[in-house]
Amino acid sequence: MKAFKRIVCAATLGLGSLLATSCSEKELYIPPVANNTADEFYKDESQVNQGVIAIYNGCLSFPQSSNWNMSEFRSDNINAQVQTVQRDFSDISNFTATSQLSQLQTTWTDLFEVVYRSNILLDKIQPFTFARVNQFKGEARFLRAYAYFDLVRYWGAVPIADKVLGIDESKRVPRSPVADVYRFIVDDLKFAADNLPAAYGSTDKGRATKWAAKAMLARVYLTMYGFPLRDASALPLAKQQLMDVYAAAGPNTFSMAANFADLFKTVNDNKYAVFEIQYASGGVGLGSTIPWDQGSVFPAWWSPFPPSQTDITPSPDFLGRNWSIRDLRRRATLDTVYVNPTTGAITVTRAQFTKFLEKGTTAPQNNRDYSNNFPIIRFEDVMLMYAEVLTEESGSVPPLALTLVNQIRTRSGVAAYTASSPETASKAAFLAAILKERKYEFAAEGLRWFDLVRTGNAISVMTAYKRQTIGSSFRQLDDHDLLFPIPLLELRINPGFWQQNPGYN
Amino acid sequence: MNKLYHWTGWLLLVLACFYTTAAMAQNRTVTGKVTTGDSKEGLPGVTVLVKGTTNGTGTGADGTYTLQVPGEGGTLVFSFVGYATKEVAIDGQSTISPVLDVDAKGLDEVVVVGYGTQKAGNVTGAVTGITAKEIEERPVNRIENALVGQMPGVYVQTPSGEPGADLQIRVRGAASINASNEPLYVVDGVPVDNLRGINPTDVANIEVLKDAASAAIYGSRGSNGVVLVTTKRGKKGAAKLQFSGFTGIQKVESKLDVQSPEEWIQMRKEGIDLDWVAQNPALNRPEDSRATRLQRLTVNGVPPSATNVIRYTYDPKWAYGQDSLAYTDWQNALFRKATMQQYTVGVSGGNDNVTYNINGSYLDQNGVVIGTNLKRATLRANFDAQIRKGIKLFMTLAPSMEWASLGRVDGTGAQALNAAQMPPVGPKEAGNYVGAQPYRTYNYSGNYISPVAVMERSDVNGTRTRLNANMGLNLDIYKGLQLQLLGAIDNGYYQDQQFYPTSTDRNWFNATNEGALSRSRYYQTFNTRYLFQSVFNYTHSFGEHHLNAILGYSAERTQEDRSQQENAQLPNDWTYLFDRANSTTNQNNIAVPVKDLLLSYFTRAQYDYKQKYLLSASLRRDGSSKFGNSRPFGYFPAVSVGWRVSGENFMEGVRAISDLKFRASYGVTGNNRIPSNSQFSTLGVNNYPLGGGTPVTGYSPGNFQNDLLGWEQTESFNYGLDFSVLSNRLSVTADYYVKKTSDLLYTVPVSSITGFTRSLQNIGNVRNVGVEVGLNSRNLVGAFEWSTSFNTSYNENKVTKLGNDDTPVPGGFMNLTSLLQVGVPINSFYLYDAIGVYKTQAEVDAGPKMAGTRVGDSKYRDVNGDGIITNDDRVIVGNPNPKFTFGMSNNFRYKDFDLSVLVNAQQGGDLYSVIGRSIDRPGMGYLYNHSSNWNNRWRSETNPGDGMTPSISATTGAYFDSRWLYSSDYIRIKNITLGYTLPKQRFYSGARVYFALENAYIWHKYTGGFSPEALQPGGYDNGSYPQARTYTFGFNLSI
């Protein structure tokens, strides 16, 4: 009997505790405590808006990873010595890049990240009908087009990801012909131009406007007109967009700054340019790295943080007598000395781009935390593209084109071109003058390489430039140098499916 | 009470043996000689005792004894460790000379098998183990260290020599890649994350469940084997005090062979000459004097800049050598002889109702790298209480603490590597502090900081607190039916504070104020694991049939909270404390809580008939919160059978074979060791400033969602054979296994066009096939004893399936050094195969080459024979998994001396030295130090060097080639211990002193790093804390 009692007692205890502590199997679903999941997101307008913000966030890396590390280094704006140590920037600059270069993978990944964030937004926004739906779609498509425009110019035929891709799906997306990629970009930008607002309220300043989309579209058309598509029908399309944007200039939209140096100050963010990447100091990862990237030596009274000291200098074209000291842009673009404000001592340094460094700034919390926005399309760019389009379509130098170029030259403190200037003697001479004006105006902004490629000057200019800076034995560049190799890892995801760009392995 | 009396009696007797001679009234004398059954030699030290009394003696050196006994009757008990105790009735005899047989131990010994125990003889799975003896008699600071080379199929690797660093245990090869390959650790029935903080001398025994049939009872965590640690529990008897300790000196086991100061200067000169000639090839010659050079560099009366002087002319101080420059061997400067000591005090005992075992220990170990040390204090208290008949309570309380100053040495950019890379020449006044405040770097070199300064000046303190506690009840419910309830917690708290003042930064001279470049970090993690488990256990015998069955349920919750604050730019360097107000936040208040749950149901039945026919079957069902919604549950069945042939009648006449057993098993296990929340597409914070610099919140998915993410499953077959011959003098265990892992968990690189670069997937299958042999032999018995235990394992690993289409998956360092490919072992190295150097231009012109190949470049094999070298010529050249591992220990005993020698070895694996990227690749320039093969580099067509080391300006520096691939074969004398057992004295019951040498010697061919074991997951070495050779003196004392 005693034994039986004990059995009952123990069994009750055992089962009781088993039940009491037994967990329901539903408890196995433990969503992450720290983060929300994508499933539970995009539920209302505010969350969709946060999804749009994330796309812009993806663009924060572009000025460094695309404009500076890829485009500017490839151009004749920078003089990078051939390094004894392997350095990605040196390989890019000196046309020795291979598919294993990690910078190529980085830029490729950064650009496609924005494509993905746009795609997921466009997917998740579908059920919604609130008023800003089209604006959000427009922003997503604008930014997707922006990323693709860089992609197609660096790598030519690239895979078109027009929706969210699964892992297996992604292995079977072919590289689309360049023309198809441009068609895709144009579609996106047209939609954006039709649906984005012309302006935003003060708290939303910095988002892409209708004018940003149209200016970008103009740049795309102008590129399609040039190498490699040489699509003549694109020229009038570019002109139409540029006319619209040019007409929309004003104190509340965008305009030419009276003073070139003002363009790059934080206080003038979103005042002059058509579209800028927005940066903010504060040590929260939203700052710009560009002053750090471009700098070589900063005295403490410029910035408390040492710059990257990348082993480069601005091109000799910008130095000595090649760039008139009277050109106000020169002082605003680069430095070759620094002056101690207390002692007045002058120290000669390696020449460095300091265009985006606001000397004496105390805002940054670290060396990658500068607040200056980075212009993607400046109004001056619209003006010069407009001048270029006008010149291209006429046989000579149209007066408006001359006016536009001279506005820029006058502001810079250099002599305006007149009817008797050699630059205005012919269409070709004037186009060359515009190209040169763009080089000075947009130095260190990442436009030069694309200008050289689309105008068909890249091979001759770069071969000559490298022979001048590296040595006369530098090889003759050819068409394959106008594209980068596809990053090796991307080729290896599905070996043999994508072919490498010619001339690379 | 009877028993207690008996025990006390025993104890007293042991003491009495040695000094009692004629204290009692004597009637008659019994004499005799005790001999061994096998060698027929006299056996010294045997305890001879009149049963039930305290009257006894011991045998002398020749095995003889003399004992006074009270009368005609009574029984003598002869006992000696390692031999079966023998009782002989006196029955009026005056000469009793018994023969003691070697203890046929093992068969009836109890083995822990997970949720229970089993007689060793009845085990049908592949289980192997070691006992306290192997652990106690050596100075080991982590339990895992005691396993090295001891067990077939259990491969223990020491990737880092850092004091207290985790060791890697691999049971039967690597079944997984990204999910952990660590076995499951179970301490006294409670699964734990690792064995950190457990004092080796607390351990009674360690068993490793190797095959799926044994491990399947641990279901989703059994794939990599299970290591069961059982700690010592109290035994009835008077309190017994154990005191042990060791103290020793550690030295670095091996160093890297880098250029000497003279060699570095020589190379630097050659670099300057090359630059000089290149400056004006028409005019300049290498033999131009300094004056000539300076004169030519002077343009229009302007003397050359300091930069150009350094670039084109020698340092005049080179002529005076050490008189004007500091020559530093940075490895000598960074490494030191370091002390190490540990002390353990334990007390155990108990009565009929309560037994206890309490052990406390303290370890103080300095690292062989300056500025590193570890202190550890542990306590473990085990209690068992019989509350009533049939109700037993047991509990364990095991707190431990570690205080350590570690880190900074292992890995890329860390100080072990820095020491190898530092130029060995510096300004005289700077000495060991070159580059560190207030000394600038040597102007003929690059920008660096002395590793000595970094280690000395940085302030890194980690404190780890662990509390391991459990309590349980054993209830006898009915005849043979028992219920065990167990509740356990394992709490860990780790706090890490790191302070790098400005003076540890190589750019210290740029600092605007004292704390400008200082960094201070505070990191803490708190993890808890709660376990509740209830197990019914039923044992029943009917006739010769024996049955044991269990049925259980367990729920395990784990939670981890991490947080981190890191600030830079402190106002000064007075203290590491920081405040948002006075510094810059790098990473502010990152808090990451993670929760997991594992629910399990399991059952097992073990049956035997006459201990001849053995059968065991088990099933477990596990549900884990780590897996996708669609697949949280898994089933893990196992079955095993055994046949003890030696128990059969027909074997009775076969005297030579004392035991023979065949085993076969099949089972399914799983692996759930992946990061929590992997199945979710979690949102990342992606803010963007709008409206003039105001951050606006943004979110986007940070990874793929994977509802289908599931277990990695391993199905395995095991066939085994145990036999002993010559009355157990030689026993052999052999196993053959096939392990097939499917649904391999792997972080696959995915095309960036998806928006992501990697994703954790169940992607493929891997097969491990292997053979293990363990052999124990008592070579010599008698006065001089010699026993050998030897084990060897062979494992072959092969990927059998990948994804839907078997597309090879890149992996390894930067995804460029290894490949996952069907038909080859996992993590196989996939590299350009360097076959030499293009010695002449003619060779370049003739041979297959890359675009841009120059003379002096590394020459790669044209694998596909298409005449040019491209990415397609990368080829599988090796793999990191050793094919064979060996372990052998030899134990010798003569009188009171014992000697043991443990050797372990491995063969057939490779490792990739990423360190080579810093000290052994072309394109590094002349500023830093190189591995010494660079003295034999290609210099010119007439001076082509060793034919393998390319030119310093070769173009292949960015490629990963087989020049850095090394064989990881080694043979190591892991341990030599010489011990002496002190004669017994009245104030202690046992005492032993020993001298031990750990890592006594190693033979290997690895020159790319400090140790051939320094393998990171994926098979590469990026510079690890070197291992130490330790000379120790230790003692064990029981009172």
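Between the side chains of N871(B) and Q100(A), at least one donor N or O lies within less than 3.5 Å of an accepting N or O.
Within the 4.5 angstrom heavy-atom criterion, atoms from both the backbone and the side chain of T697(B) approach chain A. Of the atoms belonging to T870(B), heavy atoms from both backbone and side chain fall under 4.5 Å from chain A. Looking at S46(A), neither its backbone nor its side chain comes within 4.5 Å of chain B, counting heavy atoms on both sides. Proximity to chain A (any heavy atom under 4.5 Å) is restricted, for D596(B), to the backbone atoms N, CA, C and O. Neither the backbone nor the side chain of S371(A) comes within contact range of chain B; no heavy atom of the residue lies under 4.5 Å from a heavy atom of that chain. Contacts of S554(B) with chain A are absent, with no heavy-atom separation under 4.5 Å from either backbone or side chain. For R758(B), no part sits under 4.5 Å from any heavy atom of chain A, backbone or side chain. Residue contact with chain A, scored on non-hydrogen atoms closer than 4.5 Å, involves the side chain of Q761(B) exclusively. Interface remark: Y699(B) contributes backbone and side-chain atoms alike to the contact with chain A (heavy atom separation under 4.5 Å). Looking at I869(B), the atoms closer than 4.5 Å to chain A (heavy atoms on both sides) all sit in the backbone: N, CA, C or O. If you measure heavy-atom distances from W498(A) to chain B, the contacts under 4.5 Å come from the side chain alone. Contact annotation for F633(B): only side-chain heavy atoms (C-beta onward) come within less than 4.5 Å of a heavy atom of chain A. At a 4.5 Å heavy-atom cutoff, the contact between P810(B) and chain A is made by side-chain atoms alone. With a 4.5 Å cut-off on non-hydrogen atoms, D269(A) does not touch chain B at all. Heavy atoms of R207(A) lying under 4.5 Å from chain B belong to its backbone as well as its side chain. Contact annotation for Y42(A): only side-chain heavy atoms (C-beta onward) come within less than 4.5 Å of a heavy atom of chain B. Within the 4.5 angstrom heavy-atom criterion, no atom of Q500(A) approaches chain B. Interface residue D168(A): only side-chain heavy atoms are found under 4.5 Å from chain B. Residue V52(A) does not touch chain B at all, counting heavy-atom pairs closer than 4.5 Å. For chain B, the nearby part of T98(A) is the side chain; its heavy atoms alone come within less than 4.5 Å.
Rounding to the nearest 0.5 Å gives a distance of 10.5 Å between CD1 of I30(A) and NZ of K626(B). Residue Q679(B) holds its CD atom at 8.0 Å from OH of Y29(A), rounded to the nearest 0.5 Å.
Side-chain contact between N686(B) and I53(A): absent, with no pair of heavy atoms (C-beta onward) separated by less than 4.5 Å. The shortest distance between side-chain heavy atoms of I753(B) and V115(A) does not fall below 4.5 Å. Using a 4.5 Å heavy-atom cutoff, the side chains of L690(B) and Y200(A) are not in contact. Between I167(A) and S759(B) there is a side-chain heavy-atom pair separated by less than 4.5 Å. Between P701(B) and Y116(A), some side-chain heavy-atom pair lies under the 4.5 Å cut-off. Here the side chains of I120(A) and S700(B) are not in contact, with every heavy-atom distance at 4.5 Å or above. Inter-residue side-chain proximity for T694(B) and T203(A) is flagged as unmet; no heavy-atom pair is nearer than 4.5 Å. When side chains are defined from C-beta on, T754(B) does not count as touching E113(A), because their heavy atoms never get closer than 4.5 Å.
In this structure, R557(B) pairs ionically with E27(A), as a charged nitrogen and a carboxylate oxygen lie closer than 4.0 Å.
Of the options K171(A), R492(A), E490(A), a side-chain hydrogen bond (donor to acceptor under 3.5 Å, both in side chains) to S751(B) is made by E490(A) and by none of the others. Put simply, the residue from L111(A), T106(A), T109(A) that forms a side-chain contact (heavy atoms from CB on, under 4.5 Å) with S752(B) is T109(A).
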Test ring-ring contact (aromatic ring centres under 6.0 Å, His included) on F756(B) and F112(A); report intermediate values, then the result. CA-CA 9 Å; F756(B) 306 107; F112(A) 270 110; over 10 Å; no
Test L816(B) against L488(A) for side-chain contact (heavy atoms from CB on, under 4.5 Å), laying out the working first. CA-CA 9 Å; L816(B) 288 171; L488(A) 179 61; 3.7 Å; yes
side-chain contact (heavy atoms from CB on, under 4.5 Å) between L599(B) and L28(A), intermediate numbers included: CA-CA 8 Å; L599(B) 289 183; L28(A) 285 175; 4.2 Å; yes
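Separation of the Y688(B) and Y279(A) ring centroids does not fall under the 6.0 Å cut-off.
Between chain B and the residues G51(A), P487(A), A54(A), the largest count of heavy-atom pairs under 4.5 Å involves A54(A).
Nearest heavy atoms, L683(B) versus A38(A): CD2-CA, 3.9 Å. Taking each heavy atom of G693(B) and A280(A) in turn, the nearest pair found is O-CB, 3.5 Å.
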